[in-house]
Amino acid sequence: MTDLHPRLRFAPSPTGYFHVGGARTALYNWLYARAQGGSLLLRIDDTDEARNRPEWTDGIIEALSWLEIDFDEGPVFQSQRRERYDLCAQELVEAGRAYYCQCTREEIDQRVKERNGPPGYDGFCRELGLSQGAGRALRFKVDREEVTTVSDLVRGEVRFENSSIEDFVLVKGNGAPLYVLANFVDDVDFHITHVVRAEEHLPTTPKAVMLYLARGEQVPVFAHLPVLVNESRLKLSKRRDRVAVEDFRDQGFLPEAMCNYLALLGWSPGGNREFFTRLEMLESFSFDRVGHSPAFFDVVKMTHFNKHYISVMDPARFVERAIRVLEGTTWWEPTEENVRTLGAIAPLVQERISLMAEVVEMTEFLFRAPSLETLSAQPLTAQDRTSVEMTLGLLSDVEPWEPLEIENKLRELAAERETSLRKLQAPIRIALTGRRIGPPLFESIALLGKEETRARLLAVLDQPIPEG
RNA sequence: GGCCCCAUCGUCUAGAGGCCUAGGACAUCACCCUCUCAAGGUGGAGGCACGGGUUCGAAUCCCGUUGGGGCUGCCA
């Protein structure tokens with residue numbers, strides 16, 4: 001428990017995509033370890049073979065690296081440490097701290113019903129002296145008279161009456177170790193000093209503490225983080241809620257935005273600032289500033305962080321990322337000219353979008369003309385047609401072909417037609433981009449080039465005039 | 001049911017007895033700016049769950065109530 005060199009671990013269970021709650025836990029572990037000059041271990045808690053899959057492990061590791069959460073050691077796989085758990089179990093039996101039990105779930109429930117008492121195991125096999133055998137689970141002998149205290153950096157001392165804790169299972173009937181046992185053995189073997197995890201683990205923590213005490217090991221310090229909840233204030237669940245880090249990444253969330261948002265979900269450095277670099281978070285992080293109540297995972301607010309980080313991103317890096325997004329379309333060709341065009345429009349796009357995926361709809365018009373369907377879905381009024389026709393005539397005189405010149409011409413036209421630039425630009429934008437919103441029009445026209453602009457304006461005039 | 005945790009605007013939070021007529025951010029509404037959108041500016045609405053204490057003084061401390069959540073698995 002020496003604070004000079006704390007040792008922490010993040011121990012996800014590979015039962016699905018990487019959960020944002022897991023990401024938050026990993027981040028807090030990382031923040032504390034780095035802030036204290038300690039070390040961080042990655043452990044894969046894959047003791048439940050029925051629910052784990054190797055590809056999930058790969059996904060978790062990949063997502064962690066994407067979030068720039070790095071580890072000093074690991075990954076360590078619990079599935080490969082079976083003999084350590086078996087040995088510990090055996091020693092617990094020899095020391096009289098654990099015993100084999102052959103009760104089935106049905107039998108236990110039946111007895112609960114008969115005695116009409118509290119649910120849970122009643123210690124039926126405690127004094128039977130059963131030996132190891134097929135179908136027999138190993139249970140820890142809880143000292144009913146004692147009180148177990150958990151020292152938590154977030155919540156202080158939490159007391160549990162042992163009488164409220166049943167003789168819990170350490171090893172399954174098929175010989176497979178359970179979380180409490182494997183977790184304890186590993187944390188001891190790897191000299192873990194600080195256990196940082198979500199609050200849902202708090203009720204089982206006294207079981208771990210009992211194991212430490214029974215084996216005469218130094219009990220680590222715990223830090224239980226508030227759970228993340230959905231809009232119904234229920235714990236975020238993989239089944240019900242949108243929680244996969246991979247999904248957010250694919251949609252165009254930036255790792256720095258996610259980390260910044262997640263850091264502030266349950267922790268606050270105080271004051272009114274909300275944007276923090278990793279270094280700044282690290283400098284002010286501490287568990288005594290972690291909140292105690294469940295926090296709503298708000299994608300809308302995270303999107304706000306994302307928009308900010310996109311807008312301040314290094315332009316070259318933005319273009320790089322934008323290209324990766326465009327590579328997912330059918331029409332993007334990575335020619336030198338296209339990359340140059342993208343680079344030119346990039347700053348205007350960068351300050352507008354919230355998600356990287358929006359690059360597609362913001363830039364598509366530069367690489368291909370709007371389809372006939374798109375145009376016919378937004379028919380021009382007679383007035384708009386005249387505007388487009390006049391624009392067409394005007395634009396051939398523009399020299400040089402620069403945004404400012406184009407703007408001046410269109411302003412003149414608006415004045416001439418006694419309309420606002422606002423109204424004038426609308427049909428032109430539709431004709432050129434097929435959309436009502438997009439990057440600033442004059443820059444867009446300039447980038448499109450005189451010929452392409454003319455061609456698209458002519459194309460829209462070719463559209464049939466709607467009835468009425 | 002039992003055990004544990006928690007409780008400030010819709011949301012995330014600041015607040016560690018007087019600085020609070022409770023601050024910020026997201027979301028929301030109005031207005032301004034404006035070639036669309038975005039950004040920006042100004043302003044508005046919106047909260048200390050309730051009841052008792054303690055104290056000269058409580059969002060802050062204590063107790064209770066209510067409410068919410070977590071766990072209650074031979075999952076993690």
A.B. asks: Is A:Arg273 near enough to B:A25 that one of its side-chain N or O atoms lies under 4.0 angstrom from OP1 or OP2?
C.D. replies: no
A.B. asks: Could you tell me whether the phosphate oxygens of B:U13, OP1 or OP2, come under 4.0 Å of any side-chain nitrogen or oxygen in A:Lys301?
C.D. replies: no
A.B. asks: Given B:A7, B:C5, B:C75, which nucleotide is nearest the side-chain atoms of A:Glu199?
C.D. replies: B:C5
A.B. asks: Identify which nucleotide among B:G24, B:G70, B:C12 has an atom closest to any side-chain atom of A:Pro203, counting heavy atoms from C-beta outward.
C.D. replies: B:G70
A.B. asks: So A:Met302 and A:Phe248, do their side chains get closer than 4.5 Å, heavy atoms only?
C.D. replies: yes
A.B. asks: For a quick check of understanding: with a heavy-atom distance under 4.0 Å over all strands, which category does A:His224 fall into, base, sugar-phosphate or nothing?
C.D. replies: nothing
A.B. asks: Watson-Crick or G-U wobble partner for B:C19, using a 3.5 Å limit on both distances?
C.D. replies: none
A.B. asks: When every nucleotide of nucleotides 30-51 of chain B is labelled 5' to 3' by its protein contacts under 4.0 Å (heavy atoms), B for base, S for sugar-phosphate only, - for none, what sequence of letters results?
C.D. replies: -----BBBSS------------
A.B. asks: Should the side chain of A:Arg51 and the base of B:C75 be counted as holding a donor-acceptor pair, with the cut-off at 3.5 Å?
C.D. replies: yes
A.B. asks: Indicate, with a heavy-atom threshold strictly under 4.0 Å, whether A:Thr47 touches base, sugar-phosphate, or nothing.
C.D. replies: sugar-phosphate
A.B. asks: Checking all strands, does A:Arg136 fall into the base, sugar-phosphate, or nothing category for heavy-atom contacts under 4.0 angstrom?
C.D. replies: nothing
A.B. asks: Side chain of A:Ala295 only, heavy atoms from C-beta on: which candidate in B:A27, B:G73, B:C12 is closest?
C.D. replies: B:C12
A.B. asks: What nucleic acid atoms does A:Arg159 come within less than 4.0 Å of, heavy atoms only: base, sugar-phosphate, or nothing?
C.D. replies: sugar-phosphate
A.B. asks: If B:U66 has a Watson-Crick or G-U wobble mate with both distances under 3.5 Å, name it; if not, just say none.
C.D. replies: B:A7
A.B. asks: Considering only NZ, NE, NH1 and NH2 on the basic side and carboxylate oxygens on the acidic side, decide whether A:Arg9 and A:Asp186 come within less than 4.0 Å.
C.D. replies: no
A.B. asks: Assign A:Phe160 to base, sugar-phosphate, or nothing according to its heavy-atom contacts below 4.0 angstrom with the strands shown.
C.D. replies: sugar-phosphate
A.B. asks: Using a cut-off of less than 4.0 Å, is there contact between a side-chain N or O of A:Arg233 and OP1 or OP2 of B:C12?
C.D. replies: yes
A.B. asks: Select base, sugar-phosphate, or nothing to describe what A:Leu170 touches, counting heavy atoms under 4.0 Å on all strands.
C.D. replies: nothing
A.B. asks: Are A:Lys172 and B:G73 close enough that a side-chain N or O sits under 4.0 Å from OP1 or OP2?
C.D. replies: no
A.B. asks: Can you pull out every salt bridge (charged side-chain N to carboxylate O under 4.0 Å, His left out) where at least one residue sits in residues 128-152 of chain A? Sequence neighbours excluded, please.
C.D. replies: none
A.B. asks: Look at all strands and tell whether A:Gly291 reaches a base, only sugar-phosphate, or nothing, counting heavy atoms closer than 4.0 Å.
C.D. replies: nothing
